[in-house]
Amino acid sequence: MRTPITLLATLAFALLPLVAQGQSDKAAEKLARKSDCFKCHAISKKKDGPSYREIAAKYKGEADAEAKLYEHITTSPMVEVDGKEEEHTRIKSDDPEEIRNLVRWIMTR
C-alpha cells in the first residue's frame, strides 16, 4: 500500500512537465509581447502578418522548421505588409534558449 506522501510525490512528478510547459508558454508570450509581435500577429486570426496557427501549419513536417523560423525572427528580413515591403522587427532578446522557446511556442499553436 502506498503512503500519502508517496502518492503526492508521484503526482507531483507526473505533473512537472505540465508545469514546466506552462512556464515556458508564459515566457514565450512575455517575449512576444516585449518584442511587439502581437502588433502584427495573433494566435488564430490574420492581422498584418499571418497568425501563429498559419505559421505553424506552413512549417509543419519540415525538418528545419525551427531553424528557419529562428532565423526569420532574429535577422529582420523584408516582409510584405499591405502590399509594400518592410523590415520585419527583430525579436528583443539575445538569449538563444529564450528565442528557441518562442519558436517552439509558435510551432505548437
Side-chain angles (χ1 to χ4, degrees):
M1 184 171 161
R2 291 188 172 180
T3 66
I5 292 175
T6 303
L7 289 172
L8 266 173
T10 303
L11 181 60
F13 184 74
L15 293 176
L16 189 59
L18 296 175
V19 171
Q21 182 61 44
Q23 290 172 344
S24 296
D25 284 355
K26 285 181 182 181
E29 276 194 63
K30 183 178 178 181
L31 178 57
R33 290 192 191 289
K34 175 179 147 184
S35 302
D36 292 327
C37 298
F38 291 109
K39 177 182 172 194
C40 297
H41 302 279
I43 292 174
S44 61
K45 66 179 184 175
K46 183 170 177 26
K47 292 173 91 173
D48 285 339
S51 72
Y52 292 126
R53 284 193 181 142
E54 289 176 272
I55 295 167
K58 174 184 174 181
Y59 289 107
K60 186 177 182 173
E62 290 188 29
D64 61 347
E66 287 188 15
K68 285 180 180 178
L69 191 51
Y70 186 101
E71 181 178 344
H72 182 81
I73 65 175
T74 59
T75 61
S76 302
M78 297 304 286
V79 294
E80 187 176 320
V81 178
D82 295 330
K84 59 184 175 182
E85 291 241 328
E86 65 179 56
E87 195 173 299
H88 188 272
T89 304
R90 186 183 176 283
I91 209 72
K92 291 184 171 114
S93 176
D94 292 322
D95 179 350
E97 190 50 44
E98 189 176 35
I99 297 167
R100 276 192 286 279
N101 182 57
L102 176 59
V103 167
R104 287 188 295 267
W105 179 81
I106 292 169
M107 294 299 295
T108 59
R109 296 301 101 195

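What's counted below: heavy atoms across the whole structure, side chains too, no hydrogens, waters or symmetry copies. All figures in this text were calculated on a predicted structure; none of them were measured in a lab.
Atom NZ of K47 sits in a crowded spot, with more than 12 heavy atoms from other residues, nucleotides or ligands closer than 6.0 Å.
Side-chain contact check for I91 versus C37: some heavy-atom pair is nearer than 4.5 Å.
Sorted by first and then second residue, the pairs that involve residues 28-44 and meet salt bridge (charged side-chain N to carboxylate O under 4.0 Å, His left out), not counting sequence neighbours, are E29-R33, D36-K92.
Proximity of a side-chain donor or acceptor of S35 to a complementary backbone N or O of A32 within less than 3.5 Å is not detected.
Taking the side-chain hydrogen bond (donor to acceptor under 3.5 Å, both in side chains) definition, one finds that E97 meets it with R100, R104, sequence neighbours left out. Residues passing the salt bridge (Lys or Arg N to Asp or Glu O under 4.0 Å) test with E98, sequence neighbours excluded: none. For D48, the salt bridge (Lys or Arg N to Asp or Glu O under 4.0 Å) test picks out no residue, with sequence neighbours left out. Every salt bridge (Lys or Arg N to Asp or Glu O under 4.0 Å) that D94 has, sequence neighbours left out, goes to R90.
Atoms CG and OG, from L102 and S93 in turn, are 9.0 Å apart once rounded to the nearest 0.5 Å.
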What pairs of donor and acceptor atoms, side-chain ones from residues 72-82 against any protein atom, are under 3.5 angstrom apart with sequence neighbours left out?
from : atom 1 : to  : atom 2 : distance (Å)
T74  : OG1    : Y70 : O      : 2.8
T74  : OG1    : E71 : O      : 3.4
T75  : OG1    : E71 : O      : 2.7
S76  : OG     : H88 : O      : 3.4

Please report, to 0.1 Å, the donor-acceptor pairs under 3.5 Å made by any side chain of residues 52-68, with sequence neighbours excluded.
from : atom 1 : to  : atom 2 : distance (Å)
E54  : OE1    : S51 : N      : 2.8
E54  : OE1    : S51 : OG     : 3.3
E62  : OE1    : K68 : NZ     : 2.7

